[in-house]
Amino acid sequence: MTADAWIRRFVPAPDAPTRLVCLPHAGGAASYFLGFAKALSPGVDVIAVQYPGRQDRRMDPFVETVPAMADAVMVALRPWLDRPVTLFGHSMGATIGFELAQRMEKAGAGPAALFASARRAPSQRVDDATYKLPDKALIAEVKRLGGAGSQLLDDPDIQEMVLPAIRNDYRAIETYTNTTEAKVACPIYALVGDKDPKVTAAQAQAWSVHTTGKFDLHTYPGDHFYIDTNTPAILRQITAHLAEIRP
């Protein structure tokens with residue numbers, strides 16, 4: 001796997017003073033953040049991470065744990081740390097972003113902030129076992145969470161293509177553990193939908209114990225994929241943060 005295989009830069013903004021690194025949800029792909037890239041360019045250089053085992057990386061072997069995924073993303077991201085970097089992770093991507101932020105800080109290239117979207121704090125352990133469900137039940141759970149394109153899972157051919165990645169990612173995130181002692185120095189901005197069936201406001205608020213820096217919780221109307229119906233407001237929040245860190 002080359003570093004280039006991991007990074008998607010849909011709308012290059014080479015002169016932008018800051019960079020936003022987007023990390024998708026379980027079963028998701030870099031293309032989920034195409035709208036972010038289009039909206040923020042040319043003022044922000046947006047790149048999105050493409051996990052193995054999906055879309056054009058369907059034949060690449062899965063990464064089976066969150067820490068291993070963060071290790072791999074850290075290697076791929078090194079060439080992109082030439083300007084201030086902010087991380088935006090949705091659902092599983094938020095936890096990977098937290099692990100990635102720790103690695104970046106250890107390397108002396110810490111992120112300007114972590115936006116942790118639709119994910120309970122790392123210390124909020126819940127005994128989920130969605131990844132153990134039979135295929136039909138797993139697909140039903142994914143469809144229950146909604147999100148753009150979830151209706152495509154009615155197609156058996158698409159199910160066959162995406163189910164292995166979904167199951168792998170659910171296994172990775174549901175077997176991940178951490179404690180309140182795990183912290184980063186960068187600010188954490190937790191975002192959650194007020195009707196998210198997977199994350200309560202209290203579980204999102206618990207991100208506050210994982211940073212020694214600033215913390216804010218923002219609640220938006222919507223479910224687990226509240227991003228789909230609140231994109232302009234979320235982009236305004238991101239843009240306000242990025243304006244504060246322009247070199």
Side-chain angles (χ1 to χ4, degrees), residues 8 10-11 13 16 18-51 85-98 101 111-122 124 141-153 166 169 173 186-208 210-211 214-245:
R8 298 292 177 272
F10 298 113
V11 187
T18 60
R19 179 166 284 134
L20 182 69
V21 176
C22 299
L23 300 142
H25 51 280
S31 56
Y32 185 70
F33 293 103
L34 174 60
F36 277 34
K38 288 181 175 179
L40 294 175
S41 181
V44 180
D45 194 32
V46 179
I47 63 175
V49 173
Q50 184 78 314
Y51 309 137
V85 167
T86 293
L87 305 177
F88 187 104
H90 183 67
S91 196
M92 180 183 76
T95 306
I96 294 173
F98 178 67
L114 166 64
F115 283 83
S117 168
R119 183 65 190 165
R120 57 181 176 262
Q124 296 292 294
E141 171 62 14
V142 174
K143 290 175 64 179
R144 182 178 75 91
L145 294 180
S150 61
Q151 70 278 4
L152 297 176
L153 293 173
I166 291 172
D169 292 355
I173 195 62
C186 70
I188 294 180
Y189 302 102
L191 289 70
V192 66
D194 61 359
K195 296 179 179 63
D196 191 330
K198 299 288 284 186
V199 187
T200 67
Q203 289 172 328
Q205 176 67 35
W207 278 99
S208 62
H210 293 285
T211 177
K214 180 181 178 181
F215 172 81
D216 274 323
L217 173 64
H218 295 261
T219 301
Y220 290 91
D223 55 19
H224 195 63
F225 286 92
Y226 72 93
I227 290 179
D228 298 345
T229 52
N230 293 278
T231 300
I234 294 165
L235 291 177
R236 284 194 296 270
Q237 183 183 347
I238 295 171
T239 300
H241 154 72
L242 294 174
E244 296 177 354
I245 64 167

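For Tyr220, the ring pair (Phe, Tyr, Trp, His ring centres under 6.0 Å) test picks out Tyr226, with sequence neighbours left out. Every residue was checked against the ring pair (Phe, Tyr, Trp, His ring centres under 6.0 Å) condition with Tyr51, not counting sequence neighbours, and none meets it. Residues satisfying the side chain to side chain donor-acceptor pair (under 3.5 Å) criterion with Tyr189, sequence neighbours excluded, are absent altogether. Applying the side-chain contact (heavy atoms from CB on, under 4.5 Å) rule to Ala201 yields no partners; only residues at least two apart in sequence or on another chain are considered. Applying the side chain to side chain donor-acceptor pair (under 3.5 Å) rule to His90 yields the partners Ser117; only residues at least two apart in sequence or on another chain are considered. With sequence neighbours excluded, the residues satisfying side-chain contact (heavy atoms from CB on, under 4.5 Å) with Thr95 are Val66, Arg119, Ile173, Tyr176. Here Ser31 pairs with Gln55 under the side chain to side chain donor-acceptor pair (under 3.5 Å) rule; sequence neighbours left out. Every residue two or more places apart in sequence or in another chain that forms a side chain to side chain donor-acceptor pair (under 3.5 Å) with Glu141 is listed here: Arg144. Taking the salt bridge (charged side-chain N to carboxylate O under 4.0 Å, His left out) definition, one finds that Asp194 meets it with nothing, sequence neighbours left out. With sequence neighbours left out, Thr229 forms a side-chain contact (heavy atoms from CB on, under 4.5 Å) with no residue at all.
Among pairs with a residue in residues 27-46, those fulfilling salt bridge (Lys or Arg N to Asp or Glu O under 4.0 Å) read Arg9-Asp45, Arg19-Asp45, at least two apart in sequence or across chains.
Interatomic distance, CG of Asp169 versus CD1 of Ile166, reported as 8.5 Å (0.5 Å rounding). The distance from atom CD1 of Ile96 to atom CG of Leu23, rounded to the nearest 0.5 Å, is 6.5 Å. Here the CD1 atom belonging to Ile234 is positioned 11.0 Å from the NE2 atom belonging to His218, to the nearest 0.5 angstrom.
Between Gly43 and Ala16, the shortest heavy-atom contact is O-CB, 3.4 Å. When all heavy atoms of Ser91 and His224 are compared, the pair lying nearest together is OG-NE2, 2.9 Å.
Checked by atom type and distance alone, the side chain of Thr239 pairs as donor or acceptor with a backbone atom of Leu235 at under 3.5 Å.
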message = Checking Trp207 against Gln124 for the side chain to side chain contact (heavy atoms under 4.5 Å, CB included) test, could you report, in this order, the C-alpha distance in whole Å, the side-chain angles of both residues, the deciding distance, and whether it holds?
response = CA-CA 9 Å; Trp207 278 99; Gln124 296 292 294; over 6 Å; no
request  = Go through the steps to decide whether Thr86 and Ile238 satisfy the test side chain to side chain contact (heavy atoms under 4.5 Å, CB included), and finish with yes or no.
outcome  = CA-CA 9 Å; Thr86 293; Ile238 295 171; 5.7 Å; no
